[in-house]
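Quick note: numbers below take in every heavy atom, side chains included, and nothing from hydrogens, waters or symmetry partners. Bear in mind that the values here come from a model prediction, so they are computed numbers and not experimental data. Proteins get letters first, then strands, A, B, ... in listed order; numbering begins at 1 in each.
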There are 2 protein chains.
Amino acid sequence: MVDIARLAGVSTSTVSRALNQSSLVNEETRIRIAELARSLNYSINIGAKNLRLGQNRTVAVVVPYDAQTQQHLSDPFFLSMLGSLADALTEQGLDMLLSRIDAERLDTAAHFYDAGRAIGIILIGQWRHHDQLNELASRRVPVVVWGAQLPQQLYCTVGSDNVHGGFLATEHLLALGRRKIVFFGDTNLPEVAQRFEGYRNALAQNNMEFDPLLCVPVSFIAESAKEAVHDLCRRNVAFDAIFACSDLLAMMAINTLREHNLHVPQDVAVVGYDDIELARYFHPPLTTIGQPIQSAGHALVNSLLSQINGDRVKPQFLPTQLIVRATSKRTALPD
Amino acid sequence: MVDIARLAGVSTSTVSRALNQSSLVNEETRIRIAELARSLNYSINIGAKNLRLGQNRTVAVVVPYDAQTQQHLSDPFFLSMLGSLADALTEQGLDMLLSRIDAERLDTAAHFYDAGRAIGIILIGQWRHHDQLNELASRRVPVVVWGAQLPQQLYCTVGSDNVHGGFLATEHLLALGRRKIVFFGDTNLPEVAQRFEGYRNALAQNNMEFDPLLCVPVSFIAESAKEAVHDLCRRNVAFDAIFACSDLLAMMAINTLREHNLHVPQDVAVVGYDDIELARYFHPPLTTIGQPIQSAGHALVNSLLSQINGDRVKPQFLPTQLIVRATSKRTALPD
DNA sequence: GTGAAAGCGCTAACAT
DNA sequence: ATGTTAGCGCTTTCAC
């Protein structure tokens, strides 16, 4: 900037004002300075500007990385979420600092805020550490979490209506006449627990008893669905439907069923969760529960900004929607 | 920091030194300061530190966004790449600033560098603007591009060996006895053009003539593969194999072939490109060309760092590999 | 309309 | 081993 000032024959104050479109500066000099800056490929140093202004336009987006189950960025659902966030942040003129942290230490996400790197944190997935997130919130670190709303929650979440989603999926399978519906998911994770709650609600509403044998604790990595199916077959568990907590699990389950010579949807109907882009292209096209990813990005960013703005923000639910495709088509049931 | 200094009864210099593990500071006071800092959730302000030191540990990762074809972050391949980059950057203690830019204005990516936000740029995909990238490089903006090596290239690329990949795929199909191999891809894109070159090389090596009818300009969005297949069938073009430039295109093509009652691999063998995670889970499991994504992240980051370090860096090729699965199984050819 | 000077939070000579 | 001081690149009072 000092170079520009010298070349333009003015002081740095004037250059600063010119480059910030101040109305106090002469139109003619402003243009001269602007052109000089462009020809030198000069841009204002954002770091210095932020330091001086005590401001910042960066948001940290943090994807927890589960060392145990290895589900990190592998699920396409995350990618859609990142895309949606990138759009929403760009719209607000915010930059996105992307990072991964150990899912067991969600509290470390605060570092970006403490170190002044970011004005707030968007955490994709809440995993098992409700307590750590509460601690962040009580420290007044601006944070929004994509996940489920839990009792005694101090932090702000945005998430889809998991209970309703689980209910929709199960109700749909029941309406098809399926009676032995397997649930695939790790109920230790809050979101999955809520989907499971919806599953049980649907059963209860249809006066059906819940069979613990049919609830299989499957992590989010695809291989675990494969093993789960093998296991069910090995143990001769009778089932005529699967509700899987992610599309990836559903797809993997379908492929594994095929190995056991079980047909989808004739022998086993399958419903997934997320409605990732590939669900539509899968064979057979996958019935699933859609989450409104586009709104998700905006909702997360808006919540964060309100919070930074000092407003009290409430957890937010986004609607879920049943998308019926071929894996749950009505067919003559095998006996 | 001044607060900590006051509370610890020392000067800010001492606090600074203590927090930076300087050996000049008394062990006892260092511990006292460290504990004070922890209890106050204090972290050094990175912006100020960077300003003072004239350093920076942030790399901008830029994903061009093609307004025309809308391929932005939708391809799972990008996600793997982001994951790989996140790993490689973290390993080096670098932060990742993620953003999307208009694919027609790749030069705007330099802004992050000019504004001091990042020490360099990693661009995922080179698209159509070789010239803009050359301009960046001649301005000495540290930049590495995931893409193809082109003639008269001033910037550094890292990419898979596309020519070889295209060759492998085509050679494989020819070895299966396929004779009318359709190529799906937009040869305006350098990487695709190279895969096409490999395709033609394989044909030439087998003394086969290239039929322009069989080269279909398909963009990277899935829907275009669908239309392309419909179009081929409508025009009664005879073909017995497809080599698609991405797995997504291959999958979509397979689904569309099914609508035309064409069986994969019996009627039409299919080979994709990328080996995305879902390729293995698809039905039938997809034969494809694998790119070493894990090494890709490291290669990109290392190239960038060498460049910043002042070394001359050369474009880098990563090996491609044929992964044979079910969509190209040897079968009795229909006549 | 423009310039001089102070200060954002930090570190590194240079003292002591 | 610790304190003093200057300055990183910028913006913004306060003068003129």
Which whole-number value in Å describes the distance from [X] [atom1] to [N] [atom2]?
X: B:R57; N: C:dC10; atom1: CZ; atom2: C1'; value: 18 Å
X: A:Q55; N: C:dG9; atom1: CD; atom2: P; value: 14 Å
X: A:M1; N: D:dG7; atom1: CE; atom2: C1'; value: 16 Å
X: B:L51; N: D:dC10; atom1: CG; atom2: C1'; value: 8 Å
X: A:I46; N: D:dG9; atom1: CD1; atom2: P; value: 15 Å
X: B:N56; N: D:dG9; atom1: CG; atom2: C1'; value: 14 Å
X: B:L24; N: C:dT16; atom1: CG; atom2: C1'; value: 14 Å
X: B:I33; N: D:dG3; atom1: CD1; atom2: P; value: 8 Å

In terms of ring plane angle, is the pair A:H130 and A:Y155 parallel, tilted or perpendicular, where the classes change at 30° and 60°?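 Answer is perpendicular, since the angle exceeds 60°.
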
What is the nucleic acid contact for A:V2, judged by heavy atoms within less than 4.0 Å: base, sugar-phosphate only, or nothing?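 Here A:V2 touches no strand at all.
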
Base, sugar-phosphate, or nothing for B:N50, non-hydrogen atoms under 4.0 angstrom?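 No contact at all - B:N50 keeps every heavy atom at 4.0 Å or more from the nucleic acid.
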
For [N], does either OP1 or OP2 sit under 4.0 Å from a side-chain N or O belonging to [X]?
X: A:N20; N: D:dT11; answer: yes
X: B:T14; N: D:dT2; answer: no
X: B:Y42; N: C:dG9; answer: no

Quick one: do B:D66 and B:R100 satisfy salt bridge (charged side-chain N to carboxylate O under 4.0 Å, His left out)? Show the steps, please. CA-CA 10 Å; B:D66 189 32; B:R100 309 163 68 174; over 6 Å; no

Given D:dG3, D:dA1, C:dT2, identify the nucleotide with an atom nearest to the side chain of B:N26.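 Of D:dG3, D:dA1, C:dT2, D:dA1 is nearest to the side chain of B:N26.
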
Of the candidate nucleotides D:dT11, C:dG1, C:dC8, which contains the atom at the shortest distance from the side chain of A:K49?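 The nucleotide sitting nearest to the side chain is D:dT11.
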
All N/O pairs under 3.5 Å across the protein-nucleotides 12-15 of chain C interface:
residue: C:dA12; atom: N6; partner: B:S13; partner atom: OG; Å: 3.3

Under 6.0 Å from the CD atom of B:Q55, do we count more than 12 heavy atoms belonging to anything else shown?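 Yes.
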
Got a second to check how far A:H111's NE2 is from A:I101's CD1, nearest 0.5 Å?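 Going from NE2 on A:H111 over to CD1 on A:I101, the span is 11.5 Å.
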
With respect to A:R105, which candidate in A:D102, A:T108, A:D107 satisfies the side chain to side chain donor-acceptor pair (under 3.5 Å) definition?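 Among the candidates, only A:D107 passes.
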
Between A:D95 and A:R117, is the closest basic N to carboxylate O distance under 4.0 Å?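 No.
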
Are A:Q92 and A:V301 side-chain neighbours, meaning at least one heavy-atom pair lies under 4.5 Å?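 Yes, their side chains come closer than 4.5 Å.
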
